[in-house]
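A quick write-up on the structure given underneath.
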Amino acid sequence: MFKPLDRNGIAARIARDIPEGWFVNLGIGIPTGVSDFVPEDREVIFHAENGVIGIGPAPAPKDINPYLVNAGVQHITLRTGGAFVHHADSFAIARGGHLDLCVLGAFEVSENGDIANWARSPDEPVKQVGGAMDLAVGAKRLWVAMEHNTKGGGESRIRRVCSYPLTAKGVVRRVYTDLAVLDVTPAGFVVVDMVEGLTFEALQERTEATLIRGASR
Amino acid sequence: MIDKFVSTRAEAMAGIADGSVILLAGFGAGTPEYLVAGLIEQGAKDLTLVVNAGGRDDGPIADLLASGRVKKLICSFVRPASVAGRLYQAGNLDLEIVPQGTLAERIRAAGAGVQAFYTPTAADTLLAEGRETRVIAGRNCLLEYPIHGDVALIDAWEADRWGNLTHRDSARNYNPIMAMAAKMAIVQTAHVVPLGAIEPANVHTAGVFVQRVLHVPG
């Protein structure tokens with residue numbers, strides 16, 4: 001028997017792999033929670049697309065600063081050493097290769113590293129792009145945090161080919177799901193880690209793409 | 001003597017023509033709400049509005065769209081359940097969705113005299129369909145053009161009579177680049193300070209990019 005990670009569990013698992021000194025952007029959804037699991041004494045610098053470098057913990061209600069929000073327009077604090085830049089410089093950070101890591105949520109990831117995270121169909125009447133396309137092509141590393149399978153149908157989100165409209169092609173380096181950690185390699189998805197009690201075979205059964213056993217598996 | 005201060009909102013908004021491209025700064029903070037109300041009051045129509053996102057059901061962007069004066073919206077996303085989403089789905093609003101970094105860079109390019117640029121952002125997506133792409137240094141890139149404004153509506157924390165500005169914390173966002181990209185940058189500032197009071201190295205938007213300033217105490 002095995003127990004899938006909940007959303008906080010995925011966030012905590014990602015936080016374990018972020019070393020001191022990295023400059024990191026966290027997307028909306030599961031990724032936003034990652035910073036809560038980075039110990040305070042490990043200096044990781046978090047970026048928000050609206051021009052914040054060095055996001056600190058959420059403020060107590062009495063300490064809210066209306067001029068200080070993150071990319072999800074939530075109130076935040078600034079760490080000592082933090083800085084503000086304007087929007088074009090903030091996206092120069094994203095697009096210019098200055099982020100060591102960006103973590104995004106996604107609908108699907110394919111074995112060649114394509115990510116689909118902005119639309120469920122090419123015919124969606126109103127398009128919601130935001131900053132994901134910029135972050136996906138610009139960060140030094142792109143990791144994805146998502147549930148391994150869709151909620152109702154249990155469809156695999158780890159795909160040979162994405163079925164949803166792409167955000168970017170060939171950019172995902174690693175995927176953290178509620179079941180496993182998968183590296184995207186030229187040979188395909190390599191299983192780096194699985195939740196306790198899950199077997200490679202059981203993981204493969206839940207995955208559309210063909211998986212490759214990692215060194216320790 | 002250079003003095004960019006105007007004393008009334010009507011004076012600040014005077015002369016904005018029908019068909020103007022309006023750059024509206026702000027991202028959760030730093031939206032010049034008093035000037036948006038002034039634009040609605042002023043009455044210019046057939047506007048193109050350039051703004052980070054299409055807003056919600058209320059607030060300055062929703063109010064401006066609901067006024068019926070905006071013909072086209074250029075932004076990075078629109079919520080389906082919003083004034084903008086409903087206007088678009090009813091066929092009453094042209095919409096151009098631009099990735100947020102490309103939006104910021106197109107505005108910056110306008111202010112910097114860049115005639116066009118190539119970027120990998122969105123090059124392999126639906127947004128590139130029917131548009132010019134080119135492989136540069138092994139990466140597929142999409143051709144993008146600048147977005148020039150006739151008018152920019154700008155929020156500031158402090159301003160002096162030359163129009164030198166500071167912006168508070170993350171309220172800076174689009175304000176400096178939109179001021180540079182428009183023929184006329186109109187500023188609402190929370191505080192007025194004497195010339196020279198802002199440390200020169202701490203000016204966020206230089207006064208040369210600003211045409212009019214209105215004091216709107218917070």
Side-chain angles (χ1 to χ4, degrees), chain A residues 48-53 55 65-78 82-97 114-119 121-138 162 164-171, chain B residues 25-30 52-54 75-82 84-86 88-89 95-109 111-112 119-127 129 139-141 157 167-178 180-181 204-205 218:
Chain A
E49 293 97 296
N50 55 323
V52 183
I53 300 170
I55 302 171
N65 168 359
Y67 300 93
L68 182 45
V69 296
N70 65 12
V73 195
Q74 296 162 315
H75 295 293
I76 53 170
T77 57
L78 191 72
F84 300 110
V85 295
H86 64 59
H87 224 80
D89 278 355
S90 190
F91 271 94
I93 286 169
R95 293 151 66 104
D114 297 354
I115 172 173
N117 84 342
W118 67 282
S121 143
D123 308 319
E124 271 189 10
V126 181
K127 304 211 179 334
Q128 305 198 61
V129 172
M133 291 180 182
D134 306 287
L135 289 160
V137 302
C162 290
Y164 291 169
L166 295 186
T167 306
K169 257 189 189 167
V171 289
Chain B
F27 185 120
N52 180 67
C75 65
S76 73
F77 72 95
V78 164
R79 296 174 182 83
S82 67
R86 285 188 295 275
Y88 172 67
Q89 290 179 82
L95 184 59
E96 181 180 342
I97 294 288
V98 183
Q100 204 170 116
T102 295
L103 181 66
E105 192 62 17
R106 288 176 65 189
I107 295 163
R108 198 200 69 82
T119 176
T121 297
D124 296 317
T125 75
L126 284 178
L127 300 187
E129 273 179 11
R139 286 195 97 171
N140 194 30
C141 295
W157 177 244
H167 309 284
R168 180 117 179 234
D169 300 346
S170 69
R172 188 182 312 191
N173 56 66
Y174 286 91
N175 284 292
I177 58 171
M178 285 186 167
M180 290 177 72
H204 298 147
T205 300

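Protein chains get the first letters and strands the later ones, always in sequence-line order, with residue 1 at the start of each.
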*Sort B:Arg168 into side chain, backbone, both or neither according to what part of it lies under 4.5 angstrom from a heavy atom of chain A.*
both

*asked:* For A:His87 versus B:Asn52, what's the shortest heavy-atom pair and its separation?
replied: NE2-OD1, 4.0 Å

*Checking heavy atoms, do the side chain of A:Pro122, its backbone, both or neither come under 4.5 Å from chain B?*
both

*Using non-hydrogen atoms and a 4.5 Å limit, figure out which bit of B:Tyr88 sits close to chain A: side chain, backbone, both or neither.*
side chain

*Non-hydrogen atoms of chain A under 4.5 Å away: do they reach the side chain of B:Pro176, the backbone, both or neither?*
side chain

*asked:* I'd like to verify something: which residue of B:Ala29, B:Gly28, B:Ser76 has the highest number of heavy-atom pairs under 4.5 Å with chain A?
replied: B:Ser76

*Specify the closest pair of heavy atoms between A:Ala88 and B:Ile177, including all atoms of both residues, with the distance to one decimal.*
CB-CG2, 3.8 Å

_Within the 4.5 Å heavy-atom criterion, are A:Phe91 and B:Gln100 side-chain neighbours or not?_
yes

*Heavy-atom distances under 4.5 Å only: say whether A:Ala71 touches chain B with side chain, backbone, both or neither.*
both

*asked:* I need the B:Leu126 CG to A:Thr167 OG1 distance, nearest 0.5 Å.
replied: 10.0 Å

*Student check: side-chain heavy atoms of B:Ser170 and A:Leu68 closer than 4.5 Å*: yes

*Is it the side chain or the backbone of B:Arg139 that comes within 4.5 Å of chain A heavy atoms, both, or neither?*
side chain

*asked:* At a 4.5 Å cut-off on heavy atoms, which part of A:Asp89 comes close to chain B: side chain, backbone, both, or neither?
replied: neither

*Looking at A:Tyr67 and B:Asp169, what are the two nearest heavy atoms and their distance?*
O-CB, 3.4 Å

*Nearest 0.5 Å please: distance from the CZ atom of A:Phe84 over to the NE2 atom of B:His204.*
9.5 Å

*Give, for atom CD1 of B:Ile107 and atom NE2 of A:His86, the distance between the pair rounded to the nearest 0.5 Å.*
11.0 Å

*Side-chain heavy atoms of B:Leu127 within contact of A:Val129, under 4.5 Å*: yes

*Is any side-chain heavy atom of B:Asn140 closer than 4.5 Å to a side-chain heavy atom of A:Lys169?*
no

*For the pair A:Asp134 (side chain) and B:Thr102 (backbone), establish whether a donor and an acceptor sit closer than 3.5 Å, ignoring hydrogens and angles.*
yes

*Taking C-beta and beyond as the side chain, do A:Gln128 and B:Pro80 meet within less than 4.5 Å on heavy atoms?*
yes

_Contacting moiety of A:Val69, where chain B heavy atoms sit under 4.5 Å_ = both

